[in-house]
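Hydrogens, waters and symmetry mates play no part in the numbers below; they use all other heavy atoms, side chains included.
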Amino acid sequence: MKKRKLISMVLAATLALTSLTGCGKKNSSSDDSVLRVGMECAYAPFNWSQETDELANGEKAVPIYGTNMYAYGYDVIVAEKLAKQMGKTLEIHKVEWDSIGMSLDAGDYDVIIAGMGRTKEREASYSFTDPYYYRTNCLVVKKGSGLEGIKGLSELAGKNVTLTTQLGTGWVNLLDQVPDATLGANYETTAECFMAISNGTADVCVIDAPTAESAAMTNDDLAIIYLDDNDKFVGDEEMTNVCIATRKDDTARRDEIQKAMDAIGWNDKAEMDKTMEEAVSLQPAAN
């Protein structure tokens with residue numbers, strides 16, 4: 001009996017130690033001096049991956065945690081500014097879009113800065129800052145398709161176009177506003193959406209203007225439609241207001257980031273647009 005009791009105590013202690021070690025491992029880089037940020041690193045010009053840290057303007061891209069790749073883009077620029085203001089070291093974590101929220105909840109990082117629109121659905125799961133970017137939604141079509149001259153959504157009536165956009169985004173909710181359209185396949189990345197337009201799988205992609213402009217720089221067969229103000233999407237504020245997210249109960253971190261945004265004056269749309277233009281110009285051709 002004594003021997004069995006001793007073995008049980010040893011096993012219990014081992015399990016407890018393993019549990020503590022596991023928790024420590026999950027939060028090993030959860031250091032108050034580090035700003036751990038999750039993003040796709042595949043959503044130019046908001047964020048992208050590249051093989052070296054070299055940038056055309058002489059600045060340096062940021063290493064992607066746990067890899068030999070580097071990240072840059074509008075999101076990284078903003079993250080660098082905030083980390084500097086907060087006196088923290090920036091740590092970029094690359095994550096697939098469809099698991100970006102789950103990885104945040106799992107503690108892989110503490111903040112999402114990834115071109116995320118602040119939707120009512122997401123507000124149930126995350127705490128959001130004020131917008132760190134205001135974007136415009138647009139349409140992308142193929143050159144030569146006969147759709148390039150479209151100026152508003154109503155002009156698509158009767159054309160029976162096939163639509164696409166990125167999975168898991170607020171753009172999916174906007175597709176129903178396109179008249180007489182067929183809902184085609186949606187894709188995990190914006191690159192796949194643009195490929196669908198190029199190869200004729202879809203006729204119209206609903207997306208934001210910076211991402212469309214970035215893609216058009218290296219895809220000559222894409223055309224962007226900027227919709228007239230009186231004939232555009234309505235109720236699309238959820239996808240025009242781009243915000244930084246923390247875990248729902250991590251309001252202290254959210255407030256800390258908001259304080260840093262306020263301190264550097266990151267609420268000027270003109271400055272935001274200027275920074276986005278810089279990000280677009282620095283995007284490697286491969287992205």
Exercise. Can you tell if the side chain of Ile244 reaches within under 4.5 Å of the side chain of Val37, non-hydrogen atoms only?
Worked result: no
For this session: May I ask you to decide whether Asp105 forms a salt bridge with Lys248, counting only side-chain N to carboxylate O separations under 4.0 Å?
Result: no
Exercise. Would a distance-only check, ignoring hydrogens and angles, find a side-chain to backbone donor-acceptor pair under 3.5 Å from Glu271 to Asp268?
Worked result: no
Exercise. Using the ring of each side chain (for Trp, its six-membered ring), is Trp171 parallel, tilted or perpendicular to Tyr43, with breaks at 30° and 60°?
Worked result: perpendicular
Problem set entry | Nearest-0.5 Å distance, CE of residue Met69 to OG1 of residue Thr52 | 9.0 Å
For this session: Say whether Val76 and Leu282 are linked into one hydrophobic cluster, either directly or through other cluster members, by side-chain heavy-atom distances under 4.5 angstrom.
Result: yes
Exercise. More than 12 heavy atoms of other residues, nucleotides or ligands under 6.0 Å from CD of Glu51: is that the case?
Worked result: no
Problem set entry | Heavy-atom pair of closest approach, residues Ala79 and Leu35 | O-CD2, 4.0 Å
For this session: With side chain to side chain contact (heavy atoms under 4.5 Å, CB included) as the test, would you mind laying out the steps for Glu278 and Asn57 before giving the verdict?
Result: CA-CA 9 Å; Glu278 178 186 6; Asn57 64 353; 3.3 Å; yes
Exercise. Are any of the side-chain heavy atoms of Phe194 and Leu222 separated by less than 4.5 Å?
Worked result: yes
For this session: Taking the side chain as every heavy atom from C-beta outward, state whether Val161 and Leu147 have any atom pair closer than 4.5 Å.
Result: yes
Exercise. Side-chain heavy atoms under 4.5 angstrom apart, residues restricted to Ile, Leu, Val, Met, Phe, Trp, Tyr: same cluster for Leu167 and Met102?
Worked result: no
Problem set entry | Heavy-atom side-chain proximity of Ile225 to Val141 below 4.5 angstrom | yes
Exercise. When clusters are formed by joining ILVMFWY residues with side-chain heavy atoms under 4.5 Å apart, either directly or through shared neighbours, do Met261 and Met39 land in the same one?
Worked result: yes
Exercise. Would you find a donor on one side and an acceptor on the other, under 3.5 Å apart, between the side chain of Asn47 and the backbone of Ala42?
Worked result: yes
Exercise. Hey, is the main chain of Ile100 close enough, under 3.5 Å, to the side chain of Ser103 for a donor-acceptor pair?
Worked result: no
Exercise. What are the two closest heavy atoms between Val140 and Ala212, and how far apart are they?
Worked result: CG2-CB, 3.5 Å
Problem set entry | Donor-acceptor pair, side chain of Arg36 and main chain of Asp108, under 3.5 angstrom | yes
Exercise. According to the interplanar angle, ranging from 0 to 90°, do the rings of Tyr132 and Tyr74 count as parallel (below 30°), tilted (30 to 60°) or perpendicular (above 60°)?
Worked result: parallel
For this session: Could you give me the CA-CA distance, side-chain angles and deciding distance for Leu139 and Val206, then say whether side chain to side chain contact (heavy atoms under 4.5 Å, CB included) is met?
Result: CA-CA 5 Å; Leu139 307 179; Val206 178; 3.9 Å; yes
Problem set entry | Side-chain donor or acceptor of Gln166 paired with backbone N/O of Glu188 under 3.5 Å | yes
Problem set entry | Cluster link Met239 to Met276, ILVMFWY, side chain under 4.5 Å | yes
For this session: Using side chain to side chain donor-acceptor pair (under 3.5 Å) as the criterion, point out the one residue from Thr240, Thr165, Asp236 that pairs with Asn137.
Result: Asp236
Exercise. When you measure from the centre of the six-membered ring of Tyr126, is the NZ or CZ of Arg254 under 6.0 Å away and within 45° of the axis?
Worked result: no
Exercise. In Å and rounded to the nearest 0.5 Å, what is the CD1 to CD distance from Ile224 to Glu213?
Worked result: 5.0 Å
Exercise. Between Ala114 and Gly38, what is the shortest heavy-atom contact and its length?
Worked result: CB-O, 4.1 Å
Exercise. Which pair of non-hydrogen atoms, one from Pro210 and one from Tyr133, has the smallest distance, and what is that distance?
Worked result: CG-OH, 3.4 Å
Exercise. Stepwise, does the side chain to side chain contact (heavy atoms under 4.5 Å, CB included) test hold for Met272 with Trp266?
Worked result: CA-CA 8 Å; Met272 294 176 184; Trp266 204 254; 4.0 Å; yes
Exercise. So with a 6.0 Å cut-off around NZ of Lys120, is the heavy-atom count from everything else above 12?
Worked result: no
Exercise. Closest heavy-atom contact between Ala279 and Gly73?
Worked result: CB-C, 4.1 Å
Exercise. Should Leu82 and Tyr109 be regarded as members of a common hydrophobic cluster, given that ILVMFWY residues are connected when their side-chain heavy atoms come within less than 4.5 Å of each other, either directly or indirectly?
Worked result: no
Exercise. Is the side chain of Lys94 donor-acceptor paired with the backbone N or O of Ile64 at a distance under 3.5 Å, no angle test?
Worked result: no
Exercise. How long is the gap from CG on Asp203 to CG on Leu163, to the nearest 0.5 Å?
Worked result: 8.0 Å
Problem set entry | Main-chain N/O of Asn230 paired to Asp228 side chain as donor or acceptor, under 3.5 Å | no
For this session: Please report the C-alpha distance between Glu238 and Arg118 in whole Å, then the side-chain angles of each, then the deciding distance to 0.1 Å, and finally whether the side chain to side chain contact (heavy atoms under 4.5 Å, CB included) criterion is met.
Result: CA-CA 5 Å; Glu238 290 187 340; Arg118 184 179 61 199; over 6 Å; no
Exercise. Is there a side-chain contact between Tyr65 and Ile92, using heavy atoms and a 4.5 Å cut-off?
Worked result: no
Exercise. CG/Asp53 to OH/Tyr70 distance, rounded to the nearest 0.5 angstrom?
Worked result: 5.0 Å
For this session: Please confirm whether the backbone N or O of Asp130 pairs with a side-chain atom of Gln258, one donor and one acceptor, at under 3.5 Å?
Result: yes
For this session: Please indicate whether Lys143 has more than 12 foreign heavy atoms, meaning atoms of other residues, nucleotides or ligands, lying under 6.0 Å from its NZ.
Result: yes
For this session: To the nearest 0.5 angstrom, please state how far the CG atom of Leu227 sits from the CD1 atom of Ile150.
Result: 9.5 Å
Problem set entry | Electrostatic pair Glu54:Lys60 at N-O distance under 4.0 angstrom | yes
Exercise. Taking Arg253 as the fixed residue, which of Asp249, Asp250, Asp255 is the one that meets the salt bridge (charged side-chain N to carboxylate O under 4.0 Å, His left out) rule?
Worked result: Asp250
Exercise. Rounded to the nearest 0.5 Å, what separation is found between the CG atom of Leu104 and the NE2 atom of His93?
Worked result: 11.5 Å
Problem set entry | Whether Gln177 side chain and Val234 backbone form a donor-acceptor pair below 3.5 Å | yes
For this session: Check whether any side-chain heavy atom of Glu80 lies under 4.5 Å from a side-chain heavy atom of Lys84, and answer yes or no.
Result: no
Exercise. Is there side-chain contact between Ser99 and Glu96, with at least one heavy-atom pair below 4.5 Å?
Worked result: yes
Exercise. If every non-hydrogen atom of Ala245 is compared with every non-hydrogen atom of Phe128, which pair is closest and at what distance?
Worked result: CB-CE2, 3.6 Å
For this session: Kindly say whether Gly115 contributes a backbone atom to a donor-acceptor pair with the side chain of Arg135 at under 3.5 angstrom?
Result: yes
For this session: Would you please say whether a donor-acceptor pair under 3.5 Å links the side chains of Glu192 and Thr189?
Result: yes
Exercise. How about Met86: does its CE atom have over 12 heavy atoms from other parts shown lying under 6.0 Å from it?
Worked result: yes
For this session: Taking the side chain as every heavy atom from C-beta outward, state whether Val204 and Thr162 have any pair of such atoms under 4.5 Å apart.
Result: no
